[in-house]
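Shown next, in structure tokens, is the structure this report addresses.
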Amino acid sequence: MRADVGGWGVVATGLNRVQTITDVALMGAERIGELLIELQQHAVSLNDSLSGTSRQAIINDMTAMIDEIDRIARSTEFDGINLLTGRPTITTTSSVAYGLPKTTLPQPAFPRMAALPPGSFSSTGASVAYSLPSSALTPSSFDTAVASISGTSSQTVVVDAGLTAGRVSLLLDAYSAPDVVEIWQNGVRVAAAGQPYVAAGAAVGAGSAVTGPNVISFDYDPANGQNIEFRFNENIATTGTAWTVGGLILQDPADPVPTAIATYTPTGSLQSTAAFDPPLPFANPEQAAVALDEQPQGVAGTYSFAGTAVAGRIDIVFDAFDLPDAMEVWQGGSRVAASGQSYVPGGAPVGPPVGVTGQNILSFDYDPAKGALDFRFNQGAANADSAWVVGAMSLSPVGSPLATATASTSSLQVAGFGPFHLDVPTSPSGQTMRVSSRDLTATGLGLDPMDFADATTVLDRVKGALNRATDSSSYFGTRNKALGRSALYAVKSGDALEVGIGNLVDADLGKESAKLQAAQIRQQLATQTLSIANQHPQWLLALFKG
């Protein structure tokens, strides 16, 4: 029993030590959560229309906050143990870029759909490029000029337009940050951004800053000089701007003034981060989940999409990785697409889904008159360890060739952190409670590396990091309370044993005391008996003497 008392004392000491470790980890995780809330506010502001200077200032502030988060995670430790990092190891960040064929239809904002473990992120969208219609009159010097224009903040390009008269049109895509372009011929400004088209090559006013795609046209007469100057952001201080020239053509003045032709390229991305021992050169989200000891989130679920007003064929890249998953699409009460089922024209019903692995394409004809779409995943039995992602989605004209998807992969290996487990004893008999680390470094939260070009992706990553930090704070708080209860139980168990030992000792002393008293009484009785017996002969002798 005295050995058990000592054991409970050791258990209480160990529990108090680990409780202090979780106290420190909880404090660090909560501070990281506070910074992530501020970071999310900054990420939201990136979606606003900002000047190049303001946008860069926000990005600089966000970068500093990400560095601060990383510093807190790496420095929050007690007694040499850091639960906000884990054990040093090699972390592999694996990336997949999905793509579908180009289409002329505007792409709706499809929902982001995925079942991924913490530290994995996905996004879908579409890039848009603008061009001008081709013209047989366009000289080769125009194509050479377009290839030489770099899209830097300020540039002037001189082009020999040749001997053929006609209308010259330049397509400038200024993106979201404003830019200015002017076209000069023989010392005369004949066209400029923000100025209307003027026939016969007459002079126009100074250019104004514009955003997005803009077509700038003027009537070219070689008699006024064959050299044309294209001046981009001349004498204008710009910061963080970018632009491109989508086309430069010479056409017959009788043709209508051209407009920009938009071409959409549906894309998507996937990134998974985890530490592997031994290191893996590339890993999908299911492998990352095993390494993290975390199951993917949302393996079975339904996503609704209100749809778009434009009819067309919808193509879906569904990547199920190594474990089988099932996907189906419903519209107007009918299953119009399903994994393992072939494309049926006209949005006709198809059979039930089949569990598939790897990369798959689901296609169906979409009719907005039939109502919203429901995307359903693993509606039957679902494997809790399975991960999947909708890599890309597109809307293309009905009847266009069936889509084939592309997927390019890349990976990056850096020194990082893997899971670390503390198994602390909760009783002298060997029962334990596990406390595991959570990687809250910038890399572990998916904030490093960060591409600030896509504001939506930045916001998604920050939200994911905030959810992970919140979950970590909850985990450490729960473990901290459990450790405290176990430590209190250990102390009370030791105290109870001490009382028990004392009771046993007290019981033994009482028994021995009773024995001693009995022996003393017997001795006294024997002495008294002998004394009485000794008095009788003395009494008889006294009679004889008398």
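Judged as a side chain to side chain contact (heavy atoms under 4.5 Å, CB included), and not counting sequence neighbours, the contacts of Glu34 are Arg31. Residues satisfying the side chain to side chain contact (heavy atoms under 4.5 Å, CB included) test with Asp460, not counting sequence neighbours, are Arg112, Thr456. The side chain to side chain contact (heavy atoms under 4.5 Å, CB included) check on Thr104 picks up Pro397, with sequence neighbours excluded. Residues passing the salt bridge (charged side-chain N to carboxylate O under 4.0 Å, His left out) test with Asp315 are Arg313, sequence neighbours excluded.
Side-chain polar atoms of Ser269 and Ser123 form a donor-acceptor pair below 3.5 angstrom. Looking only at atom types and distance, the side chain of Ser169 has a donor-acceptor partner in the side chain of Ser217 under 3.5 Å away.
Although no hydrogens or angles enter the test, the distance criterion places a donor-acceptor pair under 3.5 Å between the side chain of Gln185 and the main chain of Asp221.
Among residues at least two apart or in separate chains, salt bridge (charged side-chain N to carboxylate O under 4.0 Å, His left out) pairs with a member in residues 331-354 are Glu328-Arg335. Screening residues 329-353 for ring-ring contact (aromatic ring centres under 6.0 Å, His included) gives no qualifying pairs among residues at least two apart or on separate chains.
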field: Test ring-ring contact (aromatic ring centres under 6.0 Å, His included) applied to Phe377 and Trp388, step by step
entry: CA-CA 9 Å; Phe377 299 89; Trp388 54 264; 3.9 Å; yes
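Comment: Arg189 engages Glu182 in a salt bridge, judged by a side-chain N to carboxylate O separation of less than 4.0 angstrom.
The shortest non-hydrogen separation linking Pro279 to Ile90 is CG-CB, 3.8 Å.
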